[in-house]
There are 2 protein chains.
Amino acid sequence: MTRAERLAGEIADAILSGEFVPGARLDEQGLADRYGVSRTPVREALRLLATTGLIDMRPRRGATVTQITSEHLFELFVAMGEIEATCARLSALGMSPIERRRLEALHERMGDMARARNEDSYAEANVAFHSAIYAGTHNSALVEIATNLRRRLSPFRRAQFRAPGRLALSHAEHEVVLLAILRGDAAQAHAAMLRHVNLVEDAFEQLSGTQPPREKSA
Amino acid sequence: MTRAERLAGEIADAILSGEFVPGARLDEQGLADRYGVSRTPVREALRLLATTGLIDMRPRRGATVTQITSEHLFELFVAMGEIEATCARLSALGMSPIERRRLEALHERMGDMARARNEDSYAEANVAFHSAIYAGTHNSALVEIATNLRRRLSPFRRAQFRAPGRLALSHAEHEVVLLAILRGDAAQAHAAMLRHVNLVEDAFEQLSGTQPPREKSA
DNA sequence: TCCATCAATATTGTATGCAACTCTTGTGCG
DNA sequence: CGCACAAGAGTTGCATACAATATTGATGGA
């Protein structure tokens, strides 16, 4: 692995851990000093991060940690929901029998985790569940888009399963999605996933106190 | 505009014009000599192009023009169709009256172009038509995804409207989409756009002789 | 007192040179 | 004759130095 890639990871961690707050300026020389490298790999790392949306770069004006406005965050959640729903639709249409069985098995294991109130295990399995539905599209372009969006939203979902009862609720919502996929009901899979992700978003809003932007009366 | 960005554009043009064929190795020093700059901006330009999917970069192994397999291309078309359909759905739900009127006006102008068999004007307006539907989602994340996909597919759509009768057909398909959006029929807008983009894909296959990959009997 | 302009400084963009790694090619051994 | 290993060349990754531009502060005038 190249130094720039390692750097990109470390800087990303620093951002996600809140060490660099949104809007903070990322000085190339400063980062170079901090990580004991020259500016060259720092620049390449910053370009990598810029493509993930974690930082903003403007020519001759340096890099800053992206300040996600609540409006933009809301848009990201909506986009995520639409993409996930699309993946669920395609999975309902085209998942192989093996993929369906595996998804079902995973869901049952997650039921045990939910009953055991094991939030960490459930969160990990949850990622696997959604990833399986991405993969079920058999479409690498969609997988890439979905994975990208999830990464951009991940910092805002940390406490996702901390809300009381959220674990069982999530599992119940998954079940609706799962059953629709298993019986090949594309429309229902789409609708159920859309509802699931919207509820995740609501849970986030409750936790963070963020309000969705009101519709502008154009 | 910085030198690296200009370079990225020029190299992209060279690739899209076929000067650098898929699979061709892109030597940093060679490009630097060719464009009369040093390797540094060339490296940054290559990183930019790598994010667009136009080239592949592997650490220590250089950059090559991406070879899109017909399977991958098929996946990109499917993804494009799904995203466009999603945009149409959201547009049907949330476009402002002004946006709806503008879309309708554009569609009518495109009717004139189609009747005049003006392929170039129509192709340009076609981009505007689809862009308007992206914008109608009021979701910058989706707009970005859709625009990105379109750019990656653009080299394969060049002769899109050359097929005989394709112009009138495209306009008729647009009309179904448009009417669904105008009356706020989300499901119909989704379905109509999906059909439209699939037909575009078919037209491409006819022109290029590419076959969609058969379903693997898993 | 406020605004505009200019200079100084700091930061980014680019060039060049060196180090590390990969790939090729040639040679020797089986 | 084929394969493995090593040495060499060539290319990429990184560091350093220089150039160009943005930002900030001060100073002068209105």
Side-chain angles (χ1 to χ4, degrees), chain A residues 1-16 18-69 144 151, chain B residues 1-16 18-69 144 151:
Chain A
M1 183 183 278
T2 176
R3 210 165 294 191
E5 293 178 46
R6 244 198 320 274
L7 265 177
E10 299 188 39
I11 297 174
D13 287 343
I15 292 175
L16 296 182
E19 198 160 352
F20 297 125
V21 298
R25 187 174 171 68
L26 294 173
D27 174 41
E28 293 181 0
Q29 188 62 53
L31 291 172
D33 294 343
R34 169 176 175 149
Y35 293 105
V37 297
S38 83
R39 274 180 54 220
T40 312
V42 170
R43 281 177 68 82
E44 303 204 343
L46 290 179
R47 296 208 98 94
L48 283 178
L49 294 177
T51 70
T52 72
L54 208 60
I55 69 174
D56 273 337
M57 291 190 75
R58 286 160 57 187
R60 306 253 173 218
R61 313 192 68 188
T64 55
V65 181
T66 43
Q67 312 204 44
I68 286 197
T69 67
E144 193 185 320
R151 207 182 45 240
Chain B
M1 181 182 280
T2 176
R3 210 166 294 191
E5 293 177 47
R6 246 200 318 275
L7 265 177
E10 298 188 41
I11 296 174
D13 287 342
I15 291 174
L16 295 182
E19 198 161 350
F20 297 124
V21 298
R25 187 177 171 70
L26 294 173
D27 174 42
E28 292 180 1
Q29 188 61 53
L31 291 172
D33 294 344
R34 169 176 175 147
Y35 293 106
V37 297
S38 82
R39 276 179 51 220
T40 312
V42 170
R43 283 177 66 82
E44 303 207 342
L46 291 180
R47 296 207 100 93
L48 283 178
L49 293 177
T51 69
T52 72
L54 208 60
I55 69 174
D56 273 337
M57 290 192 75
R58 288 159 56 186
R60 303 258 175 213
R61 313 189 77 193
T64 56
V65 180
T66 43
Q67 311 203 46
I68 285 198
T69 68
E144 193 186 320
R151 206 180 46 239

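When reading the values below, keep in mind they use all heavy atoms of this one structure, side chains included, and skip hydrogens, waters and symmetry mates. Residue numbers start from 1 in every chain, and the chains themselves are labelled A, B, ... in the order their sequence lines are given, proteins ahead of strands.
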(request) Provide the start and end nucleotides, 5' to 3', of the part of DNA chain C that has atoms under 4.0 Å from heavy atoms of chain A. (result) C:dT11 to C:dT14
(request) Can you sort out the partners of A:R39 under side-chain hydrogen bond (donor to acceptor under 3.5 Å, both in side chains), two or more places apart, ordered by chain and number? (result) A:E28
(message) Contact list please: residues 57-65 of chain B against DNA chain D, heavy atoms, distance less than 4.0 Å, in numerical order.
(response) B:P59, B:R60, B:G62
(message) Could you work out, with side-chain contact (heavy atoms from CB on, under 4.5 Å) as the rule, every residue matching A:E19, not counting sequence neighbours?
(response) A:A14, A:S17, A:R34
(request) Let me have DNA chain C in dot-bracket notation, would you? Count Watson-Crick plus G-U wobble pairs, both distances under 3.5 Å, and use [ ] for pairs crossing earlier ones and | for inter-strand partners. (result) ||||||||||||||||||||||||||||||
(message) Under the rule for side-chain contact (heavy atoms from CB on, under 4.5 Å), what residues qualify as partners of A:A63, not counting sequence neighbours?
(response) A:L26, A:L46, A:I55, A:M57
(request) Kindly say whether B:G23 contributes a backbone atom to a donor-acceptor pair with the side chain of B:T64 at under 3.5 angstrom? (result) no
(request) Return the set of residues passing salt bridge (Lys or Arg N to Asp or Glu O under 4.0 Å) with A:R47 (not counting sequence neighbours), or none when no residue passes. (result) B:E44
(request) May I ask you to list the residues of residues 22-37 of chain A, by number, that have any heavy atom positioned under 4.0 Å from an atom of DNA chain C? (result) A:R25, A:L26, A:D27, A:E28
(request) Output the residues of residues 40-53 of chain B in contact with DNA chain C, where contact means a heavy atom of the residue under 4.0 Å from an atom of the strand; sort by number or write none. (result) B:T40, B:P41
(request) Verify, without hydrogens or angle tests, whether A:T66 (side chain) and A:D56 (backbone) share a donor-acceptor contact under 3.5 angstrom. (result) no
Can you give the donor-acceptor pairs under 3.5 Å from side chains of residues 3-10 of chain A to other protein atoms, not counting sequence neighbours?
none

(request) Name all residues meeting the side-chain contact (heavy atoms from CB on, under 4.5 Å) criterion together with B:R151; count only those two or more places apart in sequence or in a different chain, and write none if there are none. (result) B:T52, B:N148
(message) Which residues pass the side-chain contact (heavy atoms from CB on, under 4.5 Å) test with B:D33, not counting sequence neighbours?
(response) B:Q29
(request) Calculate the interatomic distance between A:E5 atom CD and D:dG13 atom P; express it in whole Å. (result) 9 Å
